[in-house]
A.B. asks: 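This is the structure, below, for whatever I ask next.
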Amino acid sequence: MPVTDTTQPEELNASEFEQEVFEQKAVRMAKRDKLNAQGGLGGGAYPVALPITHTIPAVRAEFGKLEEEADSRSGVTVGVAGRVVFQRNTGKLCFAALQSGDGTRIQAMVSLAEVGEESLASFKELVDLGDHLFVQGEVISSRRGELSIMVTEWQIASKAIAPLPNVYKELNEETRVRQRYLDLIVREQARVNVVTRARTMASLRKTFAERDFLEVETPMLQVMHGGAAARPFVTHSNAFDTELFLRIAPELYLKRALVGGIERVFEINRNFRNEGSDSTHSPEFAMLESYEAYGDYNSIADLTQTLIQNAALAVNEGTEREGSHEVLWADGTLFDLGGNWDRISMYGTLSEALGREITPATPVDELQQIADTEGVQVPHANHGKLVEELWEHFVKGGLTRPTFVMDFPVETSPLVRQHRDIEGVVEKWDLYINGFELATGYSELADPVIQRERFVEQAALAAQGDDEAHPIDEEFLRALEHGMPPAGGMGMGMDRLLMSLTGLGIRETILFPLVK
RNA sequence: GGGCCUAUAGCUCAGUAGGUAGAGCAUCGGACUUUUAAUCCGCGGGUCGCCGGUUCGAGCCCGGCUGGGCCCA
């Protein structure tokens, strides 16, 4: 609704792109204009610099004990800035709660006796909820014993034109995601999630560094996508006049790095898969991949367990669970990531669940029959896909504790080495935590001839219409022909790792998830 | 892909049977020097997601579309 404030008509009509300005915004815009008119070049509603001496948490840490005695004074003058999240103005005394980014608050008191009539009136006129405010004054405790700053000077640090949402109610789910910045202002859990993620990432890098792994960055725009079974996003390069793919995995480049002698290597970066999203999938997701020369799928499983357990320790640092691998989920349950995680066999557990022996030699017809009876639909079915789908159908749901599921059928894992003892099986594991797949690890396939055969088989699948089949990557094969050391490799979804550390859905672990 | 739920003021939400919309916070005007979602007085604020239909009359009923959520495959 357009506002008919006769004192500011020019300003309100000046901005052409602003079709309608609702009342609260119009009021704040008028205040912004007034501040800008008053301020000098470096000041106004958005000053360039402020004489800040302390952060709000620093004031709390240094002067917190003043709260033990009401109406006490420190004799120390500080300058702090924060967002106004609470305001109470009376005739001659104003209160404002300033909040810093981490959610810590401190009270500012603006008293007629300290600042004089003009400054007090101006404060009441120009300061709104949601503004960033700078205050300078003595640190005191109020009559109610609350740590406060008795203001002598104040200045708007940044004028908010849009009103702050209700800080006592959480935003609805959609607004939380679309306007995460508001979510972060209003909701403690949103702030905690960011810290947890950052700590986790730092911990992973630290664990790698301690083991002499090097972090690299490989192409995200690729001429040929590969390294996983997934549909890619396609884009176009104007300069090259060619089709490019957003990567679905960094694997084939990290293996080139292995060939080149970067023997312990990892990358943490984004993958893109042209699929829908749900509570465990996002089209754009952060992925960790790591390769260890002269390791295998056992050593890389050990590493994976250590990486996650160290991350749990990092998340618990400074909490009452310090030193524990038990993480606290958002719903209040404690989830134990400690101990040595079970390693179970895919064929073995599927056989147990079905009450009949399933082996790599079990014919496709027999598996298809079981699938049909159970109503499990498997597109482009072959032995491997059927075994995996049946395993997911019968066994997966029961896995809550962290579990490595070992030894997969060969058809579905074109980049994995044949098992050293079992025919028809590859040395691959999937790590399941709380029923979803968190990571996968291999003894990597180093034989360039077998690798070529696997690619050719995949190309046949692609020809049959499987759009997740792996394309033949000649450049990668050429690298393999120069000799890749035997290696263990691992890939782990970062967003899912955060899910298992926090118990949240994927959209809560991603700061700005994709929204239409 | 299928099913269910959902969209109303800046924010969070009510809205009975179909009769042109309410609350809390926020905002606006006034009072208040210790407030903690203060209190008191007064006033505003809505294309009820979009398009169509039924009806004398639609926030409500019907169809379609769009966004969001949940469950299933």
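To find a chain, count down the sequence lines: A is the first, B the second, and so on, and within it residues start at 1. From a predicted model like this one, the values you see are computed outputs, not experimental measurements.
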A.B. asks: For B:U54 and B:U12, measure between their C1' atoms and round to the nearest Å.
C.D. replies: 34 Å
A.B. asks: Which whole number of Å gives the distance between the P atom of B:G49 and that of B:C11?
C.D. replies: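 About 14 Å, rounded to a whole number of Å.
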A.B. asks: Of the options A:N269, A:L244, A:N271, which is the one that meets A:M220 in a side-chain contact (heavy atoms from CB on, under 4.5 Å)?
C.D. replies: A:N269
A.B. asks: Considering every strand shown, what is the Watson-Crick or G-U wobble mate of B:G42 when both distances are under 3.5 Å?
C.D. replies: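 Base-paired to B:C28.
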A.B. asks: For a 4.5 angstrom cut-off between non-hydrogen side-chain atoms, does A:F233 reach A:H225?
C.D. replies: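 A side-chain contact is absent here, since even the closest heavy-atom pair is not under 4.5 Å.
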A.B. asks: Distance between the P atoms of B:C28 and B:U66, in whole angstroms?
C.D. replies: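 The same atom, P, in both gives a distance of 40 Å.
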A.B. asks: When you measure from the side chain of A:K169, which nucleotide among B:U36, B:U12, B:G10 comes out closest?
C.D. replies: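 When the side chain of A:K169 is considered, B:U12 is the closest of B:U36, B:U12, B:G10.
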A.B. asks: Would you classify A:A113 as touching base, sugar-phosphate or nothing, given that sugar-phosphate means primed atoms plus P, OP1 and OP2, and contacts are heavy atoms under 4.0 Å?
C.D. replies: base
A.B. asks: Does CD in A:Q189 sit with more than 12 non-hydrogen atoms of other residues, nucleotides or ligands closer than 6.0 Å?
C.D. replies: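 Enclosed: over 12 neighbouring heavy atoms sit under 6.0 Å from CD of A:Q189.
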A.B. asks: May I ask which nucleotide in the shown strands pairs with B:G1, Watson-Crick or G-U wobble, both distances under 3.5 Å?
C.D. replies: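 For B:G1, the partner nucleotide comes out as B:C72, under the 3.5 Å rule.
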A.B. asks: In the structure shown, which nucleotide is the Watson-Crick or G-U wobble counterpart of B:A21, with both distances under 3.5 Å?
C.D. replies: none
A.B. asks: Check every atom of B:A37, B:U33, B:U36 against the side chain of A:S111 and return the nucleotide holding the closest atom.
C.D. replies: B:U33
A.B. asks: What's the gap between B:C50 and B:U8 when it is taken at their P atoms, as a whole Å value?
C.D. replies: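 Each nucleotide's P atom is 10 Å from the other's.
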A.B. asks: I want to verify a distance call: between B:U12, B:A26, B:G44, whose nearest atom is closest to the A:N172 side chain?
C.D. replies: B:U12
A.B. asks: Please give the distance between the C1' atoms of B:A26 and B:C4 as a whole number of Å.
C.D. replies: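 My reading of the C1' atoms in B:A26 and B:C4 gives 35 Å.
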A.B. asks: Nearest to the A:P165 side chain among B:C32, B:U27, B:C11, which nucleotide is it?
C.D. replies: B:C11
A.B. asks: Please determine, for the side chain of A:Y168, which listed nucleotide (B:A26, B:A37, B:U33) has the closest atom?
C.D. replies: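 Out of B:A26, B:A37, B:U33, the nucleotide with an atom closest to A:Y168's side chain is B:A37.
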A.B. asks: Between atom CD1 in A:I149 and atom C1' in B:U34, what is the gap in whole Å?
C.D. replies: 16 Å
A.B. asks: Rounding to a whole Å, what distance do you find between A:K92:NZ and B:U34:P?
C.D. replies: 10 Å
A.B. asks: Find which nucleotide of RNA chain B each of A:R178 and A:G91 is nearest to by heavy atoms, and output the residue with the more 5' nucleotide.
C.D. replies: A:G91
A.B. asks: Which listed nucleotide (B:U33, B:G69, B:C25) is nearest to the side chain of A:L93?
C.D. replies: B:U33
A.B. asks: Which residue, A:T77, A:V78, A:V76, forms the side-chain contact (heavy atoms from CB on, under 4.5 Å) with A:S74?
C.D. replies: A:V76
A.B. asks: List the steps, then state whether side-chain hydrogen bond (donor to acceptor under 3.5 Å, both in side chains) holds for A:D372 with A:Q368.
C.D. replies: CA-CA 6 Å; A:D372 291 343; A:Q368 185 68 60; 3.1 Å; yes
A.B. asks: Say we look at B:C48 and B:U39: how far apart would their P atoms be, to the nearest angstrom?
C.D. replies: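 Approximately 32 Å lies between the P atom of B:C48 and that of B:U39.
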A.B. asks: Determine the contact category for A:R507: base if any of its heavy atoms lies under 4.0 Å from a base atom, sugar-phosphate if only primed atoms, P, OP1 or OP2 are that close, otherwise nothing.
C.D. replies: sugar-phosphate
A.B. asks: Would you indicate what A:Q107 reaches in the nucleic acid, counting non-hydrogen atoms under 4.0 angstrom: base, sugar-phosphate, or nothing?
C.D. replies: base
A.B. asks: Is any side-chain heavy atom of A:E114 closer than 4.5 Å to one of A:V151?
C.D. replies: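 Side-chain contact under 4.5 Å: no.
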A.B. asks: Nearest of B:C28, B:U12, B:U33 to any side-chain atom of A:V27?
C.D. replies: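 Closest nucleotide among those given: B:C28.
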A.B. asks: Going by the side-chain contact (heavy atoms from CB on, under 4.5 Å) test, name the single residue among A:D278, A:L514, A:V177 that passes it with A:R507.
C.D. replies: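 Only one of A:D278, A:L514, A:V177 forms a side-chain contact (heavy atoms from CB on, under 4.5 Å) with A:R507, namely A:V177.
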A.B. asks: Measuring only the P atom in each nucleotide, how far is B:G3 from B:A17? A whole number of Å is fine.
C.D. replies: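 Their P atoms lie roughly 28 Å apart.
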A.B. asks: Between the base of B:U36 and the side chain of A:E146, is there a donor-acceptor distance below 3.5 Å?
C.D. replies: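 Answer is yes: a donor-acceptor pair is held.
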A.B. asks: Ignoring hydrogens and angles, answer whether the base of B:G68 and the side-chain atoms of A:E173 contain a donor-acceptor pair closer than 3.5 Å.
C.D. replies: no
A.B. asks: Rounded to the nearest Å, what distance is computed from the CZ atom of residue A:R143 to the C1' atom of nucleotide B:U36?
C.D. replies: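 After rounding, the gap between these two atoms is 15 Å.
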A.B. asks: Grab the CZ-P distance between A:R28 and B:C28 for me, whole Å please.
C.D. replies: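 To the nearest whole Å, that distance equals 8 Å.
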A.B. asks: Which one, B:U33, B:G10, B:C28, comes nearest to the side chain of A:K31?
C.D. replies: B:C28
A.B. asks: For A:T175, report the nucleic acid contact type (base, sugar-phosphate, nothing); a contact means any heavy atom under 4.0 Å.
C.D. replies: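 Answer is sugar-phosphate: A:T175 comes under 4.0 Å of backbone atoms only.
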A.B. asks: To the nearest angstrom, how far is A:E125 atom CD from B:G30 atom C1'?
C.D. replies: 16 Å
A.B. asks: I want to confirm an ordering. Mapping A:Q179 and A:V167 to their closest nucleotides on RNA chain B, which one lands closer to the 5' end?
C.D. replies: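 So the residue in question is A:Q179.
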A.B. asks: Where the side chain of A:Q24 is defined as all heavy atoms beyond and including C-beta, which of B:U34, B:U27, B:U33 is the nearest nucleotide?
C.D. replies: B:U27
A.B. asks: Determine the interatomic distance between P on B:A9 and the same-named atom on B:C60; round to the nearest Å.
C.D. replies: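 So the two P atoms sit 15 Å from each other.
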A.B. asks: Select one nucleotide: of B:C25, B:U36, B:C28, the one nearest the side-chain heavy atoms of A:N166.
C.D. replies: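 Output: B:C25.
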A.B. asks: What is the distance, to the nearest angstrom, from the CG atom on A:L164 to the C1' atom on B:C25?
C.D. replies: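 After rounding, the reported distance stands at 11 Å.
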A.B. asks: With a 4.0 Å cut-off on heavy atoms, is A:L171 in touch with a base, just the backbone sugar-phosphate, or nothing at all?
C.D. replies: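 Contact class for A:L171: sugar-phosphate only.
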A.B. asks: Please give, in whole Å, the distance from B:G29 C1' to A:E23 CD?
C.D. replies: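 It works out to 11 Å between those atoms.
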